[in-house]
Amino acid sequence: MKKERFRTTFSKMTISFVAFGLVPLLLMSLFFFYRYSGMIRDDMTASYDNMTGYVARRVGGVLDSVDNAMGVIYDYQYNGSDTFTDVLTDDSLNATDRGLEIQELLRYILSQSDYISSIRMVDTKGEIFSLYYSQNKTLRNDAADHTAMDIFGEGDSLTDLKMLGTLPEDTICLNSDDYVFTLVRNYMDVSTVGTACSSPLATLFADINVDVIRDIIADSGLSQGQIYVYSTGDAHYLYSESADDYLNASHPLEFCDYLLDGSSGYEQVGSQWVFYENIAGTDTYAVLVMDNDDIMGTFFRSCMALIVILCFAAAFLLIIYLAFSIRMSEPTRRLKEAMEQVEGGNLDVRVDLKTGDEMEYVAEGFNNMAESLEDYINQVYVAEICKKDAELNALKMQIRPHYLYNSLDVIRMTALDQGDGKTATLLESLAKQLRYVMGTQSDRVYLRDEMNAIREYFVLMRTRYEDRISLMIYMSDEDGVLAIPRLLLQPAVENAVRHGLAEKEGRGSVAIRVERKEDYLEIVVMDDGVGIPGEELQAFVESLENHEIGVIDPVGPDGMADGVGMKNVYDRIKLNCGMEYGFTMQSKLGMGTIVTYKLPIWEEL
């Protein structure tokens, strides 16, 4: 059956489509995908490198903006002509005027850059001047590290820009919960060339809120990894997502410190990727650290997305193809099923196709063929029946039943004269059975006549088995006048006696129950004999159902010696009553056998 399934046109077309269409498509797609997977990974790492460069450039722009704002101090003029050096060195100015002028300068510097949150100045006398963007903030008295002129140590150039690491702003001023990092620049005495590089007149401190860098990172579109802004010179962090890096002096970039000596690049270090770029003009780097799983996870998600798309496309094409193929092969399938029904004996089947192509022509030819075949078989079948009837009538005539009946009656009377009443009774039962079998030629008899014949049969069987068996019939008078096919129950009763009760030790019985259902007549023949083995019963039932009507399996089960008679009864019911009628058998070893007939309700012969 499986081989035939793969020989159909539909299956061949499907296999060809899958083998030469879908499979090559998938293989080619996977080949090109893995062929360019390296390029995809390079593009992804380049993308993260660009994000890191974007952050570095933006942070560099912030630093440049603040540095430029702090540099305007050299262009500042007091009273239209005096420089800020004059303001700091003019002893004729009182402290109040000098303070007002310095505050005005600080306000001017604060206005030059949007990134400065507060600015402070300390002069050579140790006086501190401060200005805050928020008026609520006040300078702390103990903010020595961020308000001292000696912030530059040995080896530091007094004219360079210096950056201090990020700290909570409340260590510098009151009423703040922000984090800031600070740019420091000395204001040099530029009155002479000698003092321009060696004599600072004041030191400026410009604070920048780390939220400025956080906003830059948000604008970059980065959604994975950890990004830092780290100064390698002083080993401090301008920005980190974790406050511990500011407060506890932790160093999360220690594992990749050796990389931060060039301008930019990226490298895989262990299970992590490090992307870095130097902020121009400083020793500070923007560093992005990502787990390999994050980078490759995006890569693998891209892989899976492509595979899902390919599978979806393949499945969609396959569904469309199957739907189209099924529609195209439907006429062929219907013709095949119709041919199988004709092969099984059903000649009434017809195929109605309206396809408008050659399949409609084939279906019309099939219908004509089935109709012609049915007519021919009917003619042959009727002729065969007539022939059988003629042969049976000839046989009956040869037996000459009247002569046989008279002879049996003479023998019976002789037995009575000799005082052998038992033999006389047996002869009388035999004569009645012969009259029932060979009497009328009608195939239908009254149910009561069938029961009487079975009773006469039991007269002989009780004598044969020394009264060990008994017969019980449960039938109403109304059901007794119903018609059934002649000799319908005899084979079942005979099997019950010969194979069920004869082999049983002790007494046994056969019971026949007649019950009229709503739309059919049920007759149950049951015995309490030895039963039939399950394998033999199953084989016999299959031989009934799997063979054509009139065809008998020559090799029957051992326990069903009269299988030919039961098969004959089964076929006669199907032919005379209809395919929905018949009988079923149930049996259990040591308990007996049940044969249940389903017959039409015939109230006339």
Side-chain angles (χ1 to χ4, degrees), residues 420-430 432-434 436-437 447-475 479 484 486-515 522-545 552-570 572-573 582-599:
D420 191 355
K422 187 174 183 179
T423 301
T425 301
L426 295 176
L427 288 171
E428 184 178 9
S429 295
L430 178 59
K432 289 180 179 180
Q433 288 186 68
L434 289 175
Y436 177 71
V437 174
L447 185 56
R448 64 190 177 194
D449 294 337
E450 183 82 2
M451 295 301 182
N452 289 334
I454 292 174
R455 289 189 182 96
E456 296 299 334
Y457 170 74
F458 255 79
V459 171
L460 299 175
M461 292 301 104
R462 274 194 296 269
T463 302
R464 165 67 178 82
Y465 295 105
E466 299 176 350
D467 290 330
R468 287 194 300 110
I469 64 174
S470 60
L471 173 68
M472 293 170 286
I473 298 177
Y474 303 95
M475 180 183 66
D479 293 339
I484 65 169
R486 180 193 295 272
L487 295 175
L488 197 68
L489 307 179
Q490 177 68 25
V493 174
E494 186 175 351
N495 277 339
V497 173
R498 294 178 57 191
H499 305 296
L501 303 180
E503 300 178 8
K504 177 181 179 181
E505 295 182 1
R507 301 187 62 83
S509 63
V510 176
I512 303 176
R513 177 178 57 80
V514 179
E515 184 176 355
E522 182 180 84
I523 302 176
V524 180
V525 178
M526 48 189 160
D527 66 77
D528 56 2
V530 296
I532 305 172
E535 297 81 2
E536 295 183 5
L537 179 62
Q538 180 66 26
F540 177 70
V541 171
E542 291 179 355
S543 70
L544 291 178
E545 297 175 349
I552 301 174
D553 189 356
V555 182
D558 294 340
M560 297 297 297
D562 284 341
V564 174
M566 294 299 291
K567 171 63 174 173
N568 181 272
V569 170
Y570 187 84
R572 286 170 56 210
I573 294 175
F583 64 80
T584 59
M585 296 183 66
Q586 296 173 291
S587 183
K588 191 169 184 181
L589 286 177
M591 297 184 65
T593 304
I594 300 175
V595 181
T596 303
Y597 292 83
K598 180 182 178 182
L599 302 171

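The residues of the chain are indexed from 1 along the displayed sequence.
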Stepwise, does the side chain to side chain contact (heavy atoms under 4.5 Å, CB included) test hold for V510 with I469?
CA-CA 8 Å; V510 176; I469 64 174; over 6 Å; no
Interatomic spacing from CG in D528 to CG in L501 - rounded to 0.5 Å
6.0 Å
Measuring from atom CD of Q490 to atom CG of L488, what distance do you get when rounded to the nearest 0.5 angstrom?
11.0 Å
For D527 and G500, which heavy atoms make the closest approach, and how far apart are they?
OD1-CA, 4.4 Å
Starting at CZ of R486, measure out to CG of D449 and round the result to the nearest 0.5 Å.
9.0 Å
On a heavy-atom basis, which atom in V514 and which in M451 lie closest, and how many Å separate them?
CG2-CE, 3.6 Å
To the nearest 0.5 angstrom, please state how far the CD atom of E515 sits from the OH atom of Y474.
13.5 Å
Go through the structure and list residues passing ring pair (Phe, Tyr, Trp, His ring centres under 6.0 Å) with F583, not counting sequence neighbours.
Y570, Y597
N/O donor-acceptor pair under 3.5 Å between S509 side chain and L471 backbone:
no
Which atom of S587 lies closest to which atom of T593, heavy atoms considered
OG-OG1, 3.0 Å
Backbone N/O of S470 and side chain of R507: donor-acceptor pair under 3.5 Å
no
Any donor and acceptor pair, going by atom type alone, linking the side chain of R468 with main-chain N or O of K504 inside 3.5 Å?
yes
Okay, side chain of E450, backbone of L489: is any donor-acceptor separation there less than 3.5 Å?
yes
Any side-chain heavy-atom pair from I523 and L447 closer than 4.5 angstrom?
yes
Roughly how far apart are M526 CE and M591 CE, rounded to 0.5 Å?
12.5 Å
Under a 4.5 Å cut-off applied to non-hydrogen side-chain atoms, are L537 and M585 in contact?
yes
Find out whether M461 and E494 are in side-chain contact, i.e. whether some heavy atom of one side chain is under 4.5 Å from a heavy atom of the other.
no
Separation between OG1 (T596) and CD (Q586), nearest 0.5 Å, reads 6.0 Å
For L487 and R572, which heavy atoms make the closest approach, and how far apart are they?
O-NH1, 3.6 Å
